[in-house]
Trainee: 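My structure is below; once you've seen it, I'll send some questions.
In each ligand, atom 1 is the first atom listed, and ligand 1 is the first ligand listed. Note: hydrogens, waters and symmetry copies are ignored here, and every other heavy atom, side chains too, is used.
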Amino acid sequence: MSGGTIVMKFGGTSVADATRLKGAAKRIVEKFEAGHRVVAVLSARGKETDRLISDAYEISDAPEPREMDMLLSTGERVSCALCAMAISDLGHEAISLTGSQAGIVTDTSHTKARILDVRADRITSALDEGKIVLVAGFQGVSTSKDVTTLGRGGSDTTAVALAAAVGAEECEIYTDVPGVFSADPRIVPEARKLDIVSFEEMLEMSSSGAGVLQLRSVEYARNHGVRIHCRSSFDHSPGTVVVSEQETMENPLVTAVTHSTGEARVTLTGVPDTPGVAGRIATALAEANVNVDMIIQNDPVSADAPAEMSFTVPRDDLRTAKGALAPVVAELGIGGIATDESMGKVSIVGAGMKSHPGVAAKVFTTLGEHQINIQMISTSPIKISCVIESDRVPDAVRALHSAFELQGEGTIRPEQPFGEFAS
Ligand code: ADP
Ligand code: ASP
Ligand code: MG
């Protein structure tokens with residue numbers, strides 16, 4: 001029997017200790033023995049990336065981004081080398097490769113690099129030699145020949161990019177939950193597993209906090225026609241397949257509630273009310289690679305009074321955002337800059353929303369009934385997002401999940417090794 005090429009990606013929890021790492025190796029070998037050519041992408045073990053980041057901040061308040069990438073890229077290398085040893089003990093030949101050795105070429109944006117090209121010839125020749133290929137996720141080599149990393153959760157994108165480059169029939173993302181759910185099952189235990197989800201919806205889910213698939217991996221898969229199957233590394237049950245819009249049979253009004261607790265709000269006061277100012281501010285942030293999410297500008301009541309502008313950025317980017325804004329604030333004579341780091345966001349996503357008015361009203365009413373104050377709102381044709389206090393996010397997620405009746409039978413079985421699953 002001969003199958004095609006499969007890319008299998010194992011996340012941090014799935015390789016956290018020796019037992020789990022050997023479990024992943026066994027799973028890889030099973031796939032190989034079933035006749036597939038196998039490329040496996042591994043994440044750093046457990047919380048290793050968090051640990052490396054805090055190591056860096058113990059040494060320096062502003063670690064050099066290039067050196068940060070040298071440091072962070074080590075986590076996934078460890079996983080791959082250990083997994084190659086485990087596969088060898090199972091009687092098969094495996095070769096571990098760094099992102100650079102695997103031919104992943106990125107731009108030079110350290111800690112958030114984008115993949116520009118995948119030169120997969122070393123992988124394909126190893127596959128031709130009958131080897132299992134293990135690739136360190138989350139990293140590449142820049143056009144200036146420096147090691148780069150791809151942003152948090154970036155191993156998903158490594159896996160999808162390799163799947164596209166080697167023409168894999170599927171990119172399997174093995175993780176610590178059985179698939180993509182109608183809400184984060186850590187917050188809503190009765191959340192329903194989605195058998196399929198469209199790229200359109202998954203993009204909105206990932207961009208609004210569903211970290212189960214990194215946003216760029218979903219973008220890459222859609223652009224290159226890669227089939228993603230997100231599933232549990234702890235059992236063999238089928239997970240969630242991300243499919244094109246045409247393949248989804250129905251469009252429920254609301255598919256999922258997503259959330260983030262890591263937002264920060266920046267408010268600029270005394271902003272000159274003249275053309276071009278918003279452009280200058282947005283350009284400064286874009287050049288610093290800060291992703292601005294929601295933006296509100298309050299026009300002044302009288303014609304020549306200054307305006308106020310607020311926007312949200314990921315909390316991790318707040319320091320960079322402030323640094324990028326400082327010269328613009330001085331140059332434009334902006335009155336002041338205030339920040340609030342305690343922001344979160346709750347969103348609902350559903351392709352069926354396009355043709356149904358009234359969904360926003362239900363979201364706002366539900367949050368109001370739970371005494372949750374909405375600070376900012378943004379919408380797209382298939383998403384409604386509200387910025388709220390981060391400590392109210394779990395309540396908001398549960399309230400919306402129940403208001404839109406998204407619950408399934410209860411998908412978390414206590415015997416499953418969900419590790420850190422907390423209520
Ligand atoms: P990995 O280390 O395998 O990449 P991640 O922690 O990046 O795993 O992603 C899996 C986690 O994503 C789950 O443990 C879950 O808490 C979280 N998550 C958030 N939203 C969702 C969702 N809608 N469906 C499934 N998981 C979600
Ligand atoms: N280890 C990296 C992170 O924790 C990348 C990944 O796991 O996808 O973000
Ligand atoms: Mg992840």
Side-chain angles (χ1 to χ4, degrees), residues 8-16 20 24 41-54 68-69 71-80 99 111-113 135-140 148-161 172-189 191-194 197 201-202 204-218 228 230-234 239-240 242 254-262 316 346-349 393-394 397 401 406 408 411-412 416-423:
M8 305 169 79
K9 178 255 169 179
F10 291 85
T13 318
S14 312
V15 292
R20 286 187 184 177
V41 173
L42 304 189
S43 284
R45 308 177 82 194
K47 304 258 175 247
E48 176 66 4
T49 307
D50 291 336
R51 202 176 60 72
L52 292 168
I53 292 173
S54 58
M68 197 68 174
D69 277 348
L71 178 71
L72 297 189
S73 64
T74 60
E76 339 305 275
R77 297 179 182 209
V78 170
S79 303
C80 283
T111 75
K112 274 188 188 175
V135 178
F138 170 61
Q139 57 187 272
T148 48
T149 63
L150 308 178
R152 298 308 306 266
S155 298
D156 297 336
T157 304
T158 305
V160 170
E172 296 185 316
I173 306 281
Y174 288 88
T175 185
D176 56 5
V177 285
V180 179
F181 282 68
S182 56
D184 186 343
R186 289 176 201 267
I187 292 190
V188 185
R192 192 169 61 85
K193 194 198 85 197
L194 309 171
V197 61
E201 287 178 318
M202 197 62 231
E204 293 282 19
M205 288 177 68
S206 292
S207 72
S208 58
V212 59
L213 291 176
Q214 197 203 31
L215 175 60
R216 283 184 185 168
S217 73
V218 187
I228 294 181
C230 175
R231 58 192 306 188
S232 171
S233 60
F234 305 128
T240 303
V242 187
V254 174
T255 300
V257 180
T258 56
H259 74 279
S260 142
T261 50
D316 290 345
V346 63
S347 309
I348 59 164
V349 175
V393 163
V397 173
H401 196 269
L406 301 180
T411 15
I412 295 180
Q416 279 192 309
F418 275 144
E420 307 82 305
F421 242 94
S423 65

Trainee: Below the 3.5 angstrom mark, is there an N/O of Gly153, backbone or side chain, next to an N/O of ligand 2?
Mentor: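 Yes, since at least one N or O of Gly153 sits under 3.5 Å from an N or O of ligand 2.
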Trainee: Are Arg231 and Glu172 within salt-bridge range, i.e. N to O under 4.0 Å?
Mentor: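 Looking at Arg231 and Glu172, the cut-off is met.
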Trainee: Which atoms of ligand 1 have any heavy atom of Gly179 under 4.0 Å away?
Mentor: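 Here the atoms of ligand 1 in question are 24 (N), 25 (C).
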Trainee: Is Lys9 touching ligand 1 with its side chain, its backbone, both, or neither, if touching means heavy atoms under 4.0 Å apart?
Mentor: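 Lys9 to ligand 1: side-chain contact only, backbone stays beyond 4.0 Å.
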Trainee: Do Ser155 and Glu76 make a side-chain contact, defined as non-hydrogen atoms from C-beta onward lying under 4.5 Å apart?
Mentor: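 A side-chain contact under 4.5 Å exists here.
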Trainee: Is it the case that ligand 1 has an N or O less than 3.5 angstrom from some N or O of Ser182?
Mentor: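 So ligand 1 has no N or O lying under 3.5 Å from an N or O of Ser182.
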Trainee: Looking just at side-chain N and O atoms, do Thr255 and Glu201 make a donor-acceptor pair shorter than 3.5 Å?
Mentor: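 Present: a donor and an acceptor within the cut-off.
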Trainee: Is the backbone N or O of Phe138 less than 3.5 Å from a side-chain atom of Thr158, with the two atoms forming a donor-acceptor pair by type?
Mentor: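 At least one qualifying donor-acceptor pair exists.
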Trainee: Look at ligand 1 and say whether Pro185 reaches it with a heavy atom at a distance under 4.0 Å.
Mentor: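 So Pro185 counts as touching ligand 1.
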Trainee: Does the residue Ala256 have a heavy-atom contact with ligand 1, meaning some pair of atoms that are separated by less than 4.0 Å?
Mentor: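 The answer is no: ligand 1 sits nowhere under 4.0 Å from a heavy atom of Ala256.
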Trainee: Assess the residue pair Phe181 and Thr240 against the criterion (side-chain contact (heavy atoms from CB on, under 4.5 Å)); give the C-alpha distance rounded to whole Å, side-chain angles, the decisive distance to 0.1 Å, and a yes or no.
Mentor: CA-CA 8 Å; Phe181 282 68; Thr240 303; over 6 Å; no
Trainee: May I ask you to say whether Glu48 pairs ionically with Arg51, meaning some side-chain N is under 4.0 Å from a carboxylate O?
Mentor: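 Arg51 and Glu48: salt-bridged.
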Trainee: Going by distance alone, is a donor N or O of one side chain under 3.5 Å from an acceptor N or O of the other, for Ser182 and His401?
Mentor: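 There is such a pair (donor and acceptor under 3.5 Å, judged by atom type) between the side chains of Ser182 and His401.
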Trainee: Which ligand 2 atoms does Ser43 reach within 4.0 Å, using its non-hydrogen atoms?
Mentor: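 So the answer, numbered in order with elements, is 6 (C), 7 (O), 8 (O).
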Trainee: Apply salt bridge (charged side-chain N to carboxylate O under 4.0 Å, His left out) to Asp50 and list each qualifying residue two or more places apart in sequence or on a separate chain.
Mentor: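 Applying salt bridge (charged side-chain N to carboxylate O under 4.0 Å, His left out) to Asp50 gives Arg152.
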Trainee: Are a donor atom and an acceptor atom from the side chains of Asp69 and Thr148 found within less than 3.5 Å of each other?
Mentor: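 There is no such pair between these side chains.
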Trainee: Quick one: which ligand 1 atoms are inside 4.0 Å of a heavy atom on Gly211?
Mentor: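 Counting from 1, the qualifying ligand atoms are 7 (O), 9 (O).
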Trainee: Out of all atoms in ligand 2, which are within 4.0 Å of some heavy atom of Arg152? Include the element for each.
Mentor: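 Under 4.0 Å from Arg152, ligand 2 has these atoms: 3 (C), 4 (O), 9 (O).
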Trainee: For ligand 2, is Gly75 a contact, meaning one of its heavy atoms is under 4.0 Å away?
Mentor: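 Under 4.0 Å: no for Gly75.
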Trainee: What protein heavy atom sits nearest atom 2 (C) of ligand 2, and how far off is it?
Mentor: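 Ranked first by proximity to atom 2 (C) of ligand 2 is Thr49 OG1, 3.5 Å.
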Trainee: Mark up the atoms of ligand 1 that fall under 4.0 Å of a heavy atom belonging to Val177, in ascending order.
Mentor: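 Counting atoms of ligand 1 from 1, those under 4.0 Å from Val177 are 13 (C), 14 (O), 25 (C), 26 (N).
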Trainee: Below 4.0 angstrom from a heavy atom of Val180, which ligand 1 atoms are there? Numbered from 1 as shown, please.
Mentor: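 Contacts of ligand 1 toward Val180, numbered from 1: 24 (N).
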Trainee: By number and element, which atoms of ligand 1 are closer than 4.0 Å to a non-hydrogen atom of Phe181?
Mentor: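 With Phe181 as reference, the close atoms of ligand 1 come out as 22 (C), 23 (N), 24 (N), 25 (C).
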Trainee: Which ligand 2 atoms does Glu76 reach within 4.0 Å, using its non-hydrogen atoms?
Mentor: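 Checking each atom against Glu76, I get 1 (N), 2 (C), 5 (C).
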Trainee: Check ligand 1 against Asp176 and write out every atom of the ligand that is under 4.0 Å from a heavy-atom position of the residue.
Mentor: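 Under 4.0 Å from Asp176, ligand 1 has these atoms: 10 (C), 11 (C), 13 (C), 14 (O).
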Trainee: Please report whether ligand 2 has a polar contact with Ser155, defined as an N or O pair separated by less than 3.5 Å (distance criterion only).
Mentor: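 So ligand 2 has an N or O lying under 3.5 Å from an N or O of Ser155.
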Trainee: Looking at side-chain heavy atoms only, is the closest gap between Cys230 and Thr175 below 4.5 Å?
Mentor: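 The answer is yes, as the side chains (C-beta and beyond) meet within the 4.5 Å cut-off.
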Trainee: Please determine which of Val257, Thr258, Thr261 meets the side chain to side chain contact (heavy atoms under 4.5 Å, CB included) test together with Val346.
Mentor: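 In the set Val257, Thr258, Thr261, the residue that makes a side chain to side chain contact (heavy atoms under 4.5 Å, CB included) with Val346 is Val257.
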Trainee: Can a salt bridge be assigned to the pair Arg20 and Asp176 using a cut-off of 4.0 Å between side-chain N and carboxylate O?
Mentor: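 Not counted as a salt bridge, because no side-chain N and carboxylate O are separated by less than 4.0 Å.
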Trainee: What about Ser14: any of its N or O atoms under 3.5 Å from an N or O on ligand 1?
Mentor: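 By distance alone, the answer is no.
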Trainee: Would you please determine whether Gly12 falls within less than 4.0 Å of ligand 2 on a heavy-atom basis?
Mentor: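 Gly12: no contact with ligand 2 (<4.0 Å).
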Trainee: Relative to ligand 1, is Ala183 under 4.0 angstrom through side chain, backbone, both or neither, heavy atoms considered?
Mentor: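 The part of Ala183 near ligand 1 is the backbone, not the side chain.
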